[in-house]
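Note on naming: letters A, B, ... go to the chains in the order of the sequence lines (proteins, then strands), and numbering restarts at 1 for each one.
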There are 2 protein chains.
Amino acid sequence: MSTVAPDKLQARADRKTRKRQKKKDRIARSAMQALQELGYANTSLRDIAARADLSLGMLHYYFEDRTQLILHCVSLYKAAFISGLEEALSDASGREPVINALANALATSIIEDASTHRLWYDIRGQAMFDPAFRPVVADIEASLMAVIETAAEKTGSARPGVGELGYALIDGVFRYQMQNQVTGTPRNHESLANEMRSVLETLF
Amino acid sequence: MSTVAPDKLQARADRKTRKRQKKKDRIARSAMQALQELGYANTSLRDIAARADLSLGMLHYYFEDRTQLILHCVSLYKAAFISGLEEALSDASGREPVINALANALATSIIEDASTHRLWYDIRGQAMFDPAFRPVVADIEASLMAVIETAAEKTGSARPGVGELGYALIDGVFRYQMQNQVTGTPRNHESLANEMRSVLETLF
DNA sequence: CATAGAATCGGACACTTGTCCAAATTTTAT
DNA sequence: ATAAAATTTGGACAAGTGTCCGATTCTATG
């Protein structure tokens, strides 16, 4: 029947699915624009399609439904933010340098990606009501705790549970900084980093 | 024309508006049930009407629109939660008692009113996208910072900005505790209070 | 008791939503 | 070049939304 070897067929199918993945990523990145601006509750598929210059049917062709599309967007957030933190941390060693690296990376992200984080907090809140979002949220939070944990180890202040508690504390400050950045009182990098540094000093 | 004295008329009008306020409160308290369960994005006026045994027109008769109704609900949250904290704090004096009172009050509220706080965090998140919610949110947050501030004074550890930073830190832990309570791993009062106490010890 | 005004109801209204599909177009494989 | 498959389109569709209003019932006032 088939005129080509099975492994050829396999490779071909793989190429297809990889290409499809890339396309999904591109669509999701476009969708992010609308989601970041309008928020989960106020963004319709038509908003996304319009801002991304895509037809409505396309979204359904690449994503099963609205939830799957948003979930994909959140995964992209995770990849970008977490790997940025890990990189910043990997370059540092010694207590003060590690604290500085973390504080600086967080402050930079507040200034550059405030509206991305705003969307993240929106989705995390939705997960409190819609269980469909919980696995992705739990996954991201676990990664963030792991980042805190390695930072704690690098500063020689690793205690049991420091990842979990540290995440909650840092997140509280980080979210509040984001809120001020978005709703009225933006601060500069130095001010944000200083505040975060003082928190990390008492944590580690 | 009028056969009664003007102050009589005034008193009558006042009684009317007071009665109307009470009714609005009662409706809002009923609406809370639906909102707490379904969240801001997934609660329609029909959900509210059904669960509160009210007609759809009633909601429009007492509240200008959906936003006003939800805003009223959030105000009720503020009144209940903040006054509870203030009361708990007013009974205590001396460093350890104050820290204990605050930690206990917060832990109790996590256990008893987890889904109310879940709604609060939902609304606070909405405020990041819809400016209509920001004044109420800012008002509540200011009250919470004031509570932290007085607690700091009572423990003799008042520094400039302790209310703001303290709020961000405590809120981070409080929200995370709420999340665990709601999505899977509920803890008992002692465990919650202990964690919060250790945070307050380092803050104050 | 009569009656004006408030309170309540149930449904109409215009609009938006997510989902889906048949047809048209483009890409790929033979 | 031709057939087959993948992609893209534009719109249809039903369900759900907030808002609003005429008709009805209740309540208090004279």
(message) Could you check whether B:Ser191 and B:Asn194, counting side-chain N and O atoms only, form a donor-acceptor pair closer than 3.5 Å?
(response) no
(request) From the options C:dC9, D:dG11, D:dT8, select the nucleotide whose nearest atom is closest to the side chain of B:Ser55. (result) C:dC9
(message) So which atom in B:Met178 and which in B:Ala114 form the shortest heavy-atom distance, rounded to 0.1 Å?
(response) CG-O, 3.7 Å
(message) Checking A:Ser30 now: which residues fulfil side-chain hydrogen bond (donor to acceptor under 3.5 Å, both in side chains) with it, not counting sequence neighbours?
(response) none
(request) Could you pull out all residues at least two apart from A:Gln21 that satisfy side-chain hydrogen bond (donor to acceptor under 3.5 Å, both in side chains)? (result) none
(request) Using a cut-off of strictly less than 4.0 Å, decide whether B:Lys24 has a side-chain nitrogen or oxygen near OP1 or OP2 of C:dA7. (result) no
(message) Let's see if you get this right: which residues in residues 44-53 of chain A place a heavy atom under 4.0 Å from DNA chain D?
(response) A:Arg46
(request) Ignoring backbone atoms, test whether A:Lys19 places a side-chain nitrogen or oxygen under 4.0 Å from the OP1 or OP2 oxygen of C:dT28. (result) yes
(request) With heavy atoms under 4.0 Å as the rule, sort A:Met58 into base, sugar-phosphate or nothing. (result) base
(message) List the residues meeting side-chain hydrogen bond (donor to acceptor under 3.5 Å, both in side chains) with A:His72, not counting sequence neighbours, and say none if there are none.
(response) A:Asp25
(request) Have a look at A:Leu54 and say if it touches a base, only the backbone sugar-phosphate, or nothing, with a 4.0 Å heavy-atom cut-off. (result) nothing
(request) Using atom CD of B:Gln21 as one end and atom C1' of C:dA6 as the other, report the distance to the nearest whole Å. (result) 16 Å
(message) Nearest 0.5 angstrom please: B:Gln36 CD to B:Thr43 OG1, how far?
(response) 10.0 Å
(request) Measure the distance from CG on B:Leu59 to P on C:dG11 and round it to the nearest whole Å. (result) 16 Å
(request) Let me know the distance between CG of B:Leu56 and C1' of D:dG18, rounded to the nearest Å. (result) 8 Å
(request) Could you check which residues of residues 60-69 of chain A get a heavy atom under 4.0 Å from DNA chain C? Sort them by number, please. (result) A:His60, A:Asp65, A:Arg66
(message) Please report the interatomic distance CG(B:Leu89) to CG(B:Leu85), rounded to the nearest 0.5 Å.
(response) 8.0 Å
(request) Send over the distance from B:Lys23 NZ to C:dA6 C1', rounded to a whole Å. (result) 12 Å
(request) Mind checking side-chain hydrogen bond (donor to acceptor under 3.5 Å, both in side chains) for A:Tyr62 and listing every partner two or more places apart, or none if nothing turns up? (result) none
(request) Please state how far atom CG in B:Leu38 lies from atom P in D:dG16, giving the value in whole angstrom units. (result) 14 Å
(message) Tell me whether A:Glu87 at atom CD has more than 12 heavy atoms from other residues, nucleotides or ligands lying less than 6.0 Å away.
(response) no
